[in-house]
Amino acid sequence: MGSCIFCQIASGAIATPLVYEDADIVAFRDIQPQAPVHLLVVPRRHIASLNEPGDEALLGRLLQAARLAAAAAGLRQYRVVVNTGAEAGQSVLHLHLHVLGGRAMAWPPG
Ligand code: 5GP
Ligand code: ZN
């Protein structure tokens with residue numbers, strides 16, 4: 001997916017400091033943070049959203065990576081969000097987990 005911004009970040013075509021990386025996953029800071037710490041955890045492989053059927057093991061590793069990325073950023077308490085579909089707020093059509101922390105969170109979310 002040549003035009004996908006997260007594919008370009010994951011491949012290094014767009015240089016972005018990584019908070020966490022492994023063979024399948026990268027994590028980096030959101031360009032428009034909604035909390036003092038706001039990370040995005042992204043599979044290197046292009047997957048459009050959580051609605052794509054496929055690799056269950058990768059989904060587990062994404063959650064594991066969210067925990068490791070949160071720890072690397074100094075968070076022990078945080079929220080993980082996966083916006084799925086435009087109505088839910090998904091604007092980038094490459095699966096990603098938001099990791100938000102560093103402030104008290106309200107519930108329900110907007
Ligand atoms: P979504 O709205 O799809 O759940 O989340 C996409 C997120 O990606 C947004 O929070 C947005 O600020 C972030 N984002 C979009 N483009 C870039 C970019 O080029 N670099 C970084 N670091 N974050 C981006
Ligand atoms: Zn992509």
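First listed ligand is number 1; within each ligand, the first listed atom is number 1.
If you run side-chain contact (heavy atoms from CB on, under 4.5 Å) between Tyr20 and each of Val41, Val26, Leu68, only Leu68 comes through.
Both Leu63 and Tyr78 are part of a single hydrophobic cluster, where members link through side-chain heavy atoms under 4.5 Å apart. Placement of Phe6 and Leu18 within a single hydrophobic cluster is found when ILVMFWY residues are connected by side-chain heavy-atom separations under 4.5 Å, directly or transitively.
Looking at every heavy atom in both residues, Ser49 comes nearest to Gln90 through CB-OE1, 3.6 Å. Closest non-hydrogen pair, Ala10 versus Arg44, comes out as O-NH1, 3.0 Å.
For the Zn ion (ligand 2), the nearest N, O or S atom contributed by His46 is named ND1.
Between Asp55 and Arg45 there is a salt bridge, since a side-chain N of the basic residue sits under 4.0 Å from a carboxylate O of the acidic one.
Angle subtended at the Zn ion (ligand 2) by Cys7 SG and His94 ND1: 110°, rounded to 10 degrees.
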So what's ligand 1 close to, N/O to N/O, under 3.5 Å?
residue  : atom   : partner : partner atom : Å
ligand 1 : 2 (O)  : Gly89   : O            : 2.8
ligand 1 : 2 (O)  : Ser91   : N            : 3.2
ligand 1 : 2 (O)  : Ser91   : OG           : 2.8
ligand 1 : 3 (O)  : Ser91   : N            : 2.7
ligand 1 : 3 (O)  : Ser91   : OG           : 3.3
ligand 1 : 3 (O)  : Val92   : N            : 2.9
ligand 1 : 3 (O)  : His96   : NE2          : 2.9
ligand 1 : 4 (O)  : Asn83   : ND2          : 2.8
ligand 1 : 4 (O)  : His96   : NE2          : 3.0
ligand 1 : 4 (O)  : His98   : NE2          : 2.8
ligand 1 : 5 (O)  : His96   : NE2          : 2.9
ligand 1 : 5 (O)  : His98   : NE2          : 3.2
ligand 1 : 10 (O) : Asp30   : OD1          : 3.2
ligand 1 : 10 (O) : Asp30   : OD2          : 2.5
ligand 1 : 12 (O) : Asp30   : OD1          : 2.5
ligand 1 : 22 (N) : Arg29   : O            : 2.8
ligand 1 : 22 (N) : Ile31   : N            : 3.4
ligand 1 : 23 (N) : Ile31   : N            : 3.2

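A tilted orientation is assigned to the rings of His38 and His98, their planes being inclined by 30° to 60°.
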